[in-house]
Amino acid sequence: MEAVPEKMEIKRAVLTEADSILRQEVVIASNTSSISMTTLAALTKRPDRFVGMHFMNPVPVMALVEVISRAADERHDV
C-alpha cells in the first residue's frame with residue numbers, strides 16, 4: 001500500500017518502483033482522494049491488480065476504508 005503525498009511525480013516514482021520489485025500477483029493499493037485510479041494504475045504493469053484506498057476521517061474513530069477500482073464498471077475480487 002502506497003501512502004505518499006498527493007503529488008503525481010512522487011506517486012509515479014513510488015508506484016513504478018513498487019511495481020518493479022513486487023511479485024506480479026501482488027495487488028498494489030494507493031491511498032489517494034484526488035488522483036484518478038485509472039491514471040495511477042496505468043503507471044504499473046498490473047492495472048488489473050491495482051486499487052485505491054481512502055480512509056475516512058477521523059481515522060482513529062472511523063473504522064472504515066473505501067476501496068476504489070479503476071473504473072466503476074469493473075469488479076475484481078481482492
_Shortest non-hydrogen separation from S33 to H54 and the atoms involved_ = CB-CD2, 3.4 Å
*Side chains of F55 and N31 in contact at under 4.5 Å (non-hydrogen atoms)*: yes
_Point-to-point distance, once rounded to the nearest 0.5 Å, from NZ of K11 to CD of E6_ = 4.5 Å
*Close side-chain approach of M53 and S30, heavy atoms under 4.5 Å*: no
*Considering the options V51, L40, T44, which one meets the side-chain contact (heavy atoms from CB on, under 4.5 Å) requirement together with I28?*
T44
*Can you hop from L22 to L15 via hydrophobic side chains spaced under 4.5 Å?*
yes
_R49 with E25: basic N within carboxylate O range, under 4.0 Å_ = no
*Listed once per pair and sorted, the salt bridge (charged side-chain N to carboxylate O under 4.0 Å, His left out) pairs that draw on residues 28-37, sequence neighbours left out*: none
*Residues T32, I35; criterion side chain to side chain contact (heavy atoms under 4.5 Å, CB included); working and verdict*: CA-CA 6 Å; T32 185; I35 302 174; 3.8 Å; yes
*asked:* Please determine whether side chain to side chain contact (heavy atoms under 4.5 Å, CB included) holds for the pair M8 and L43, giving the CA-CA distance in whole Å, both sets of side-chain angles, and the decisive distance to 0.1 Å.
replied: CA-CA 11 Å; M8 191 60 180; L43 298 173; 3.8 Å; yes
*Side chain E17, main chain D19, donor-acceptor under 3.5 Å*: no
*Please round to the nearest 0.5 Å and tell me the distance separating atom CZ of F50 and atom CD of E2.*
7.0 Å
*Report the C-alpha separation of V59 and N57 in whole Å, then their side-chain angles, then the decisive distance to 0.1 Å, and conclude whether the side chain to side chain contact (heavy atoms under 4.5 Å, CB included) test is met.*
CA-CA 5 Å; V59 174; N57 288 312; 3.5 Å; yes
*Does K7 offer a backbone N or O that forms a donor-acceptor pair with the side chain of R12 under 3.5 Å?*
no
_Who clusters with M62? Use side-chain heavy atoms, under 4.5 angstrom, across I, L, V, M, F, W and Y, and order the result by chain and number._
M56, L64
